[in-house]
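Residue numbers run from 1 in the order of the sequence given. As the structure is a computational prediction, the values presented were derived from the model and not from experiment.
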Amino acid sequence: MLILFFFISIIILLSTLGFGFIFLKIAGLKNVDDNLGLAGLLGLFLLSIIASYSHIIVPHSYIFNISLIILGILFIFYESIKNKLKILSLRNLFLIFTALFIALILSKNNEDFPYYHLPNAIQFAQHKLEFGIGNLNHGFKHISSLFMLMSLNYLPIIEHYLFNLTNFLFYVFFIVFSVFEIYRKKEKNSNFANIILSFLLILFLVKFSRLAEFGSDISGQIILSVYIFFIIEFIFNKNLKFSDKELYLKLSLIFLVFASTLKFILIIYCLPLLYLIFITKNKKEYIFKILQPKFIIFLIIPAIFFILFNFTSTGCLLYPVAKTCFTSLDWSLSYDTVKNLNLHYETWAKGGKGPNFEIENPSSYVNSLNWIQNWFSVYFFNKFSDYILVIISILIFVSAIYPKEIFKNKPSNIKKDNSFLYFYIFLILIFIVWFLNFPTLRYAGYLITFLLISLPFAKFLDERGRFRTKVSLRKISILILISYSIFLFKNSNRLIDEFSKSYNDHHNFKNFPFYWVEDVKYNKIIIDGLDVYKVNSKCWDVPAPCIRYVNNLNININKGYIFYSRKK
């Protein structure tokens, strides 16, 4: 079964890559080198659009998903024959995928996986668009294009056990993208951008090595890392041609939109893009290129789908922002429900609520700055401080590898330029917005915290040496090898621990190589002539629609679409 698991994963990897090449053609993105990591991430973007559109019409059934995979594979063959896709590039992709594959083998998932990741993806796989599913279960109120992508991996035999492959592909394609850009033969990237990308690559290998920790948050921050790379290139690489800048601006817009559909909070990262647009000369020329129909449509459609699915699930255009809700609809959530849940999320993010505690007056707590002291005691001196320690450790290791650049080399004679200062100020603004509203790392905080600490050091290195020389690249290789060793060590220890669990314990490997699923007891009941499946706790892989509370539930069918509402 492990061989089948690996083989199907490779097939989906190639199919996703095929959709990346399709996207490059139909979006008119030219001058893209053979970076298969970039093509793969764009393939995920196109597939998220396809998944969103098709969900309105049909469920993501076995037949639909297999057909989609075959289409992507056929385009890979076409690309290989017509444009001579480099065998070396594919070989490197397979090598990196295989080297990281151990992360995909897990028995224990993220704590939110049985709560709303898995149930949402199963809902999309087994049913087309339904209205008011937020009334069925609290988890169905959360919308992300990640769950749409997961549902495309619903396949015979494997069933839902490859849903984690979606997060894994984000990870693999990012690693491939980073390696290609760092080691590309043609010296096109700026020194500064290469340093930052090297830091990010090390960070994701060392810190984000366990796939179960990704949840619905890390993939969006992976996409934003690529977005930041292109923003930095556009601003700081003075040797780029207009065509290159046009491409990087378009890619930045795509990845910002994509990240926002994965987790809407990530929209706060639009600030560096606004700065880029502000300082750019020839704005009219860039705007003209962006507004071309075959490109702009790929920015508008994902945003429309994201708003649409928020609306059809909850009655809100942007859940849980109560002001965007249409509460007069039969199937929409009540205003008080949305407002209370928004308060719940903010209280939790600001350290006022946890599994075993809750402050007495949440509204007063979050609307003043009194929460900061409690946040430091509850959250900072634990998760946040540990993360800062990881970042500082990375910078110390880099300093040890590059002692000459750190301690001996003097800054090169460069013209005074305030671009870095202004760019850094915009990053500080992101941090302030993040900290004052949802100061938990998983809510958009990992990347901005890393950038604020590492960018000054990267700029320091940039002014003291070139990092595209053979000696420098060998040193980077050593750092990457050490980082991968940590990745391998952490995942090996995790597997040993998971294999040691008894079959009577939760999260065991009885179903190896598939993750553990709790045997949830459910009742099939009929409401208004339709089948629903009632549970008393989390849904896990219970057939859709999974529901926890049946009291006052009303189900209607209108023009072939199902509407769930609560009787008032």
Side-chain angles (χ1 to χ4, degrees), residues 51-61 112 114-145 147-148 151 216 261 264 304-345 520 522-568:
S52 297
Y53 175 75
S54 58
H55 174 58
I56 298 174
I57 307 168
V58 295
H60 296 154
S61 62
D112 288 333
Y115 170 48
Y116 69 99
H117 300 181
L118 179 59
N120 268 292
I122 289 178
Q123 174 72 26
F124 303 148
Q126 296 180 352
H127 295 271
K128 69 175 184 178
L129 178 65
E130 296 181 338
F131 291 74
I133 61 173
N135 289 304
L136 299 180
N137 210 310
H138 181 52
F140 289 135
K141 299 176 179 69
H142 302 272
I143 296 298
S144 170
S145 58
F147 307 144
M148 288 288 181
S151 68
S216 61
T261 66
F264 185 70
I304 290 174
F305 281 141
F306 182 75
I307 293 171
L308 172 66
F309 296 137
N310 267 277
F311 177 68
T312 57
S313 297
T314 65
C316 304
L317 299 180
L318 292 174
Y319 173 83
V321 182
K323 292 181 180 179
T324 69
C325 299
F326 296 81
T327 56
S328 60
L329 299 168
D330 292 338
W331 46 269
S332 63
L333 303 179
S334 70
Y335 181 84
D336 288 341
T337 298
V338 178
K339 190 176 180 180
N340 289 336
L341 287 171
N342 192 15
L343 179 61
H344 163 79
Y345 301 138
V520 177
Y522 62 90
N523 295 317
K524 178 181 177 181
I525 60 178
I526 300 175
I527 300 178
D528 296 330
L530 292 174
D531 295 339
V532 296
Y533 302 87
K534 184 185 180 304
V535 297
N536 294 321
S537 56
K538 296 177 181 178
C539 287
W540 282 95
D541 61 347
V542 168
C546 172
I547 180 170
R548 189 170 181 180
Y549 303 107
V550 297
N551 294 339
N552 301 321
L553 183 67
N554 186 46
I555 305 177
N556 292 312
I557 300 178
N558 189 353
K559 296 182 180 180
Y561 288 92
I562 296 175
F563 292 76
Y564 301 98
S565 60
R566 291 287 173 183
K567 298 175 183 177
K568 299 176 182 178

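Taking both residues in full, the closest heavy atoms of Ala125 and Ser151 are given as N-CB, 3.9 Å, listed atom of the first, atom of the second, then distance. Among all heavy-atom pairs drawn from Pro119 and Cys539, the shortest one is CG-CB, 3.6 Å. The two atoms that bring Ser313 and Phe140 nearest to each other are CB-O, 3.9 Å, heavy atoms only. The shortest non-hydrogen separation linking Ala544 to Gln123 is CB-OE1, 3.3 Å.
With rounding to the nearest 0.5 angstrom, the CE atom of Met148 is 6.5 Å from the NE2 atom of His60. Atoms CG and CG, from Asp336 and Leu341 in turn, are 11.0 Å apart once rounded to the nearest 0.5 Å. Separation of atoms CZ (Phe124) and CG (Leu129) is listed at 9.0 Å; rounding is to 0.5 Å. Here the CG-NZ distance, from Leu317 to Lys323, works out to 14.0 Å after rounding to the nearest 0.5 Å. Taking NE2 from His127 and CD1 from Ile133, the interatomic distance works out to 10.5 Å, rounded to the nearest 0.5 Å. Ser52 contributes atom OG, which lies 11.5 Å from atom CD1 of Ile304 (distance to the nearest 0.5 angstrom).
In this structure, Cys325 and Thr314 have side chains that are not in contact, with every pair of non-hydrogen atoms separated by 4.5 Å or more. Between Ser216 and Asp112, every side-chain heavy-atom pair lies at or beyond the 4.5 Å cut-off. Annotation: side chain of Phe305 is not in contact with side chain of Thr261 (no heavy-atom distance under 4.5 Å). The closest side-chain heavy-atom distance from Leu136 to Val532 is not below 4.5 Å. The side-chain heavy atoms of Lys538 and Leu118, taken from C-beta on, include no pair separated by under 4.5 Å. The side-chain heavy atoms of Thr327 and Ser334, taken from C-beta on, include no pair separated by under 4.5 Å. Taking the side chain as every heavy atom from C-beta outward, Asp531 and Ile526 approach each other to under 4.5 Å. When side chains are defined from C-beta on, Ile56 does not count as touching Lys128, because their heavy atoms never get closer than 4.5 Å.
Using modelled atom types, one side-chain atom of Asn310 and one backbone atom of Phe306 make a donor-acceptor pair closer than 3.5 Å. Between the Asp528 side chain and the Ile555 main chain, a donor and an acceptor come within less than 3.5 Å of each other. In terms of modelled atom types and a separation under 3.5 Å, the side chain of Ser332 and the main chain of Phe326 share a donor-acceptor contact. Between the Asn120 side chain and the Gly139 main chain, a donor and an acceptor come within less than 3.5 Å of each other. Although no hydrogens or angles enter the test, the distance criterion places a donor-acceptor pair under 3.5 Å between the side chain of Thr324 and the main chain of Leu318. Remark: side-chain polar atoms of Asp330 are not paired, donor with acceptor, to backbone N or O of Ser565 under 3.5 angstrom.
Pairs engaging residues 541-564 under the salt bridge (Lys or Arg N to Asp or Glu O under 4.0 Å) rule: none recorded [sequence neighbours left out].
Residues meeting the ring pair (Phe, Tyr, Trp, His ring centres under 6.0 Å) test with Tyr549, sequence neighbours left out: none.
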side-chain contact (heavy atoms from CB on, under 4.5 Å) evaluation trace for Tyr319 with Ile143: CA-CA 8 Å; Tyr319 173 83; Ile143 296 298; over 6 Å; no

Criterion side-chain contact (heavy atoms from CB on, under 4.5 Å) on Lys141 and Tyr116, from CA distance to verdict: CA-CA 9 Å; Lys141 299 176 179 69; Tyr116 69 99; over 6 Å; no

Verdict with supporting geometry, Asn135 and Leu333, side-chain contact (heavy atoms from CB on, under 4.5 Å): CA-CA 7 Å; Asn135 289 304; Leu333 303 179; 3.5 Å; yes

Test log, rule side-chain contact (heavy atoms from CB on, under 4.5 Å), inputs Leu553 and Arg566: CA-CA 5 Å; Leu553 183 67; Arg566 291 287 173 183; 3.8 Å; yes

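In this structure, the ring of His55 has its center less than 6.0 angstrom from the ring center of Phe309. Note: Trp331 and Phe311 meet the aromatic proximity criterion, with ring centroids under 6.0 Å apart.
In the displayed structure, Tyr533 atom OH is contacted under 6.0 Å by more than 12 heavy atoms of other residues, nucleotides or ligands. Within a 6.0 Å sphere centred on NZ of Lys339, heavy atoms belonging to other residues, nucleotides or ligands number 12 at most.
Ring pair Phe131/Tyr561 is perpendicular by interplanar angle, where above 60° counts as perpendicular and below 30° as parallel.
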